[in-house]
Amino acid sequence: MGRSEAACRQLAVRARRHMDAGRPRFEADRREREELAGRFFDAFREGDVDGLRELLAGDVQLVGDGGGKAPQWASRFVGAENVARVLVTLVAPFVRIGGVVAPHQVNGQPGAVFRDRDGKVVNTWALDILDGRIQTIRTVINPDKLGHMGPVADAWAVLRETTQARQATD
């Protein structure tokens, strides 16, 4: 970690104390989080870069979990401009091939379930919200972690079809 042993022990003590206190990671009113998530997914579906950028923290991160079994982000995307542009690039071709983005609670956070045209789960997104901005978008596309949500889509096939749809409009 690049820290002394004593500093690491202190970090561990603080982390345990935080966990024992049962404090949530982010202090945000549920209604406020749901409203922000609704605005986010509306802007996402509409391909509204400016609307997305307005809702994202300046240092927002987009991170994914493919578990080596599904397509995964090349790396983390960081920053409101980068994340907004990546999101807008994804949505139009996904919707064009019949994909659906349905709001859904994910790990206690506002988020969404992405489904293919047959209703199979492609992935989930959870939004970490703090101070009225989205701090992190956590995506799970690993099929081993999605099975409890229903039949799971072939994410590789969805990616290929989405990529073809995107290239057809370029």
Side-chain angles (χ1 to χ4, degrees), residues 26 28 32-143 145-170:
F26 299 105
E32 176 186 332
R33 288 184 316 187
E34 294 299 329
E35 187 271 332
L36 181 73
R39 289 179 26 224
F40 170 81
F41 285 111
D42 286 346
F44 174 68
R45 280 188 292 270
E46 293 167 12
D48 180 0
V49 174
D50 293 330
L52 286 168
R53 197 179 311 115
E54 175 186 312
L55 301 170
L56 301 172
D59 60 349
V60 64
Q61 293 185 39
L62 173 62
V63 296
D65 178 1
K69 297 181 178 191
Q72 185 167 317
W73 306 116
S75 62
R76 287 181 182 212
F77 292 94
V78 179
E81 184 67 29
N82 291 336
V83 170
R85 294 222 176 267
V86 166
L87 296 179
V88 167
T89 301
L90 295 172
V91 69
F94 179 71
V95 170
R96 201 172 310 121
I97 66 165
V100 175
V101 180
H104 194 277
Q105 285 285 314
V106 178
N107 294 330
Q109 299 291 353
V113 176
F114 287 61
R115 295 184 185 273
D116 70 3
R117 75 168 68 68
D118 298 322
K120 293 181 180 175
V121 177
V122 176
N123 70 344
T124 61
W125 287 16
L127 308 178
D128 289 346
I129 298 172
L130 179 66
D131 297 330
R133 295 278 187 264
I134 296 167
Q135 305 293 317
T136 307
I137 303 167
R138 300 179 190 282
T139 70
V140 175
I141 195 167
N142 181 339
K145 295 181 179 181
L146 297 173
H148 69 282
M149 305 212 50
V152 177
D154 176 349
W156 292 104
V158 172
L159 175 63
R160 280 191 300 275
E161 192 175 352
T162 301
T163 300
Q164 290 170 350
R166 188 175 66 239
Q167 291 171 344
T169 62
D170 288 346

### Query
Run the side-chain contact (heavy atoms from CB on, under 4.5 Å) check on Val140 and Val106 step by step: do they pass?
CA-CA 10 Å; Val140 175; Val106 178; over 6 Å; no
### Query
Do Leu90 and Thr162 come close enough that some side-chain heavy atom pair is under 4.5 Å?
no
#### Entry: Residues that Lys120 engages under salt bridge (charged side-chain N to carboxylate O under 4.0 Å, His left out), provided they are two or more places apart
none
#### Entry: Taking every non-hydrogen atom, the tightest pair across Leu56 and Ala80
CD1-O, 3.7 Å
### Summary
The side-chain hydrogen bond (donor to acceptor under 3.5 Å, both in side chains) partners of Arg160 (sequence neighbours excluded) come to none
### Summary
The reported gap from CZ in Arg166 to OG1 in Thr89 (rounded to nearest 0.5 angstrom) is 7.0 Å
### Summary
Those residues at least two apart in sequence (or on a different chain) that pass side-chain contact (heavy atoms from CB on, under 4.5 Å) with Val101 are Phe41, Phe44, Arg45, Phe94, Ala112, Phe114
### Task
Under the side-chain contact (heavy atoms from CB on, under 4.5 Å) rule, collect the residues that match up with Glu34, sequence neighbours excluded.
Arg30, Gln105, Pro110
### Message
Minimum heavy-atom separation for Ala153 and Asp116, please, with both atom names.
### Response
CB-OD2, 3.5 Å
### Straight-line distance of Ile129 CD1 to Gln135 CD, nearest 0.5 Å
9.0 Å
## Note on the structure
Residues Ile134 and Ile137: closest non-hydrogen pair is CG2-CG1, 3.9 Å
### Query
Hey, is the main chain of Ile97 close enough, under 3.5 Å, to the side chain of Arg117 for a donor-acceptor pair?
yes
### Task
List for me each residue that meets side-chain contact (heavy atoms from CB on, under 4.5 Å) alongside Glu35, sequence neighbours excluded, and say none if there are none.
Arg39
### Message
Applying salt bridge (Lys or Arg N to Asp or Glu O under 4.0 Å) as the test, list every pair that has at least one member in residues 81-106; sequence neighbours left out.
### Response
Arg53-Glu81, Glu81-Arg85
#### Entry: Interatomic distance, Thr139 atom OG1 to Leu127 atom CG [nearest 0.5 angstrom]
11.0 Å
### Nearest-0.5 Å distance, CG of residue Asp118 to CG of residue Asp154
11.5 Å
### Query
Just how far is it from atom CG of Asp48 to atom CG of Leu87, taken to the nearest 0.5 Å?
11.5 Å
### Message
Using the rule side-chain hydrogen bond (donor to acceptor under 3.5 Å, both in side chains), only one of Asp65, Asn107, Asp128 pairs with Arg138; which is it?
### Response
Asp128
### Considering all heavy atoms, the nearest Val86-Leu62 contact
CG1-CD2, 4.0 Å
### Task
Under the side-chain contact (heavy atoms from CB on, under 4.5 Å) rule, collect the residues that match up with Val113, sequence neighbours excluded.
His104, Arg115, Val121, Thr124, Met149
### Query
What is the minimum heavy-atom distance between Val49 and Val88, and which atoms define it?
CG2-CG2, 3.4 Å
### Query
Which pair of non-hydrogen atoms, one from Pro143 and one from Ala70, has the smallest distance, and what is that distance?
CD-CB, 4.0 Å
